[in-house]
Amino acid sequence: MTLPQTTPLQIGPHTVTPPVVLAPMAGITNAPFRTLCREFSGGKGLFVSEMITTRALVERNEKTMQLVHFDASEKPRSIQLYGVDPSTVGKAVRMIADEDLADHVDLNFGCPVPKVTRKGGGSALPYKRHLLRAILREAVGNAGSLPVTIKMRKGIDDDHLTYLDAGRIAVEEGVTAVALHGRTASQHYGGTADWDAIARLKEAVTEIPVLGNGDIWCADDAVRMMRETGCDGVVVGRGCLGRPWLFGDLVNAFEGGAGQARPTLREVTAVMRRHAELLGEWLGDERRGVIDFRKHVAWYTKGFALGAQSRQRLALSSSLAELDEHLGALDLDQPWPDGAEGPRGRTAGTKRVVLPDGWLGDPYDTTVAVDADAESDTSGG
Ligand SMILES: Cc1cc2nc3c(=O)[nH]c(=O)nc-3n(C[C@H](O)[C@H](O)[C@H](O)COP(=O)(O)O)c2cc1C
């Protein structure tokens, strides 16, 4: 596949080559998962943390502070924040800058979860242009030399698109780059991502890099997205679930290489084991690590002939010894199955977007404020 013409992706002072970014995924892109992805990419690319809510950060919530954890070798350290109140967002960004907690701040405006949009948060928020602007102004104004980027969806639904306005507002407020997931909130994860919208945003926003996101399942998809949309970089989420070696494929493809990793089940289980171990070290508790790892089992084993019982046993392991026993009992010589290709993770489709009463009334309302409870969900994007 012909490589797109690219200039290096610049996120403030950070040059990202090749221009590939691990999408923030709540509950997934913690330090252990980022370590695995970075190992496969040879350290190339940008790896964004799980989403961290600004209020909890400012209040130094214990669990939240654990999420603000980077391996000593992780450079640049990329943190994603989610907040609905300009002042709290500003305080959180200042805290990150003053305490040297990260090298890059990304702001999440893509969450479609009803609990969040019901209050006007997440992907509902950019509809209120002044509130979006106020949040970005506080974030950039408090960031010192840290670059601030935003990640968003196309809008609430096809009749209420916000991404082009949000892109312009981001430029005007000094944001360093914008990433677009080519779906509306009402699409959730259904259908296919609209890469044309990424191209439209790239046409409208010429001053800062535009990153494309949505439905990159293999390295060829990433190259194709760059070529078809003209975007400056790609953000890859679900394609990496249970498949951190995709980052090796991405780097290889952008460096002109061909082919993709096709690990055998033996090789896959070695990565699974390491993932569980890293989670245990990060959480300071082997059992908690193995339990947290359970959610990854189905993704890692997708397409392999395991049988429901083995899958279930793996997903119920509570210690590394148990995990080893169950992994060891599998037919490890299985080659990489074709069934492992294509979509993985959430794919559920259209839902009505729950919004506060009257939310769609005046997009330029200057008085709107969002209840801080809209930060209480942590399920992400
Ligand atoms: C489990 C999960 C958690 C997510 N959490 C976040 C998040 O915390 N912040 C965010 O901006 N997006 C989040 N997202 C959305 C992804 O970053 C990405 O935009 C979306 O999955 C589309 O990209 P993909 O098709 O490459 O997966 C999440 C997605 C999934 C599947």
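Everything numeric in this text was worked out from a predicted model, so none of it was measured. We count ligands from 1, going down the list as the structure has it; atoms in each ligand are counted the same way.
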**Study point:** Side-chain ion pair, E341 and R243, N-O less than 4.0 Å
**Key:** yes
Practice item. Considering the heavy atoms of A23, write down every atom of ligand 1 situated less than 4.0 Å from one of them. Key: 17 (O)
Review point. Is there at least one pair of N or O atoms, one from R346 and one from ligand 1, spaced under 3.5 Å apart?
Key: no
Point to revise | Under-4.0 Å heavy-atom contact with ligand 1, by part of Q80 that carries it | key: side chain
**Study point:** ligand 1 contact on M25 by region, counting heavy-atom pairs under 4.0 Å
**Key:** both
**Study point:** Heavy-atom gap W217 to ligand 1 smaller than 4.0 Å
**Key:** no
Check your understanding: Would you call the rings of Y300 and W245 parallel, tilted or perpendicular, where under 30° means parallel and over 60° means perpendicular?
Key -> tilted
Exercise for review: Please confirm whether I216 comes within less than 3.5 Å of ligand 1 when only nitrogen or oxygen atoms on both sides are compared.
Suggested key: no
Review point. Hey, are E39 and R274 close enough for a salt bridge, meaning a charged N less than 4.0 Å from a carboxylate O?
Key: yes
**Study point:** Salt-bridge contact K91-D85 (side-chain N to carboxylate O under 4.0 Å)
**Key:** no
Check your understanding: Is the cationic atom of R38 (NZ for Lys, CZ for Arg) positioned less than 6.0 Å from the six-membered ring centroid of F40 and within 45 degrees of its normal?
Key -> no
Exercise for review: Consider ligand 1: state whether an atom of it lies below 4.0 angstrom from any non-hydrogen atom of G345.
Suggested key: no
**Study point:** Proximity of Y82 to ligand 1 by residue part, where a heavy atom lies under 4.0 Å
**Key:** neither
**Study point:** Whether H181 and Y189 hold their rings parallel, tilted or perpendicular, with breakpoints at 30° and 60°
**Key:** tilted
Check your understanding: Where is the tightest heavy-atom contact between Q187 and G182, given as atom of each residue plus distance?
Key -> OE1-O, 4.3 Å
Review point. With only distance considered, is G237 within less than 3.5 Å of ligand 1 through an N or O on each side?
Key: yes
**Study point:** R183-ligand 1 polar pair, N/O distance under 3.5 Å
**Key:** no
Study note, to complete from the structure: If you compare H181, K151, M225 by their heavy atoms, the one closest to atom 16 (C) of ligand 1 turns out to be K151
Review point. Is it the side chain (CB and beyond), the backbone, both or neither of R238 that lies under 4.0 Å from ligand 1, heavy atoms counted?
Key: both
Review point. So which bit of N213 gets within less than 4.0 Å of ligand 1, heavy atoms only: side chain, backbone, both or neither?
Key: side chain
Review point. Are any of the N/O atoms in V236 less than 3.5 Å from those in ligand 1?
Key: no
Review point. What class does the angle between the rings of F47 and F247 fall in, given that below 30° is parallel, 30 to 60° is tilted and above 60° is perpendicular?
Key: tilted
Check your understanding: Are D157 and R352 ion-paired here, with the side-chain N under 4.0 Å from a carboxylate O?
Key -> no
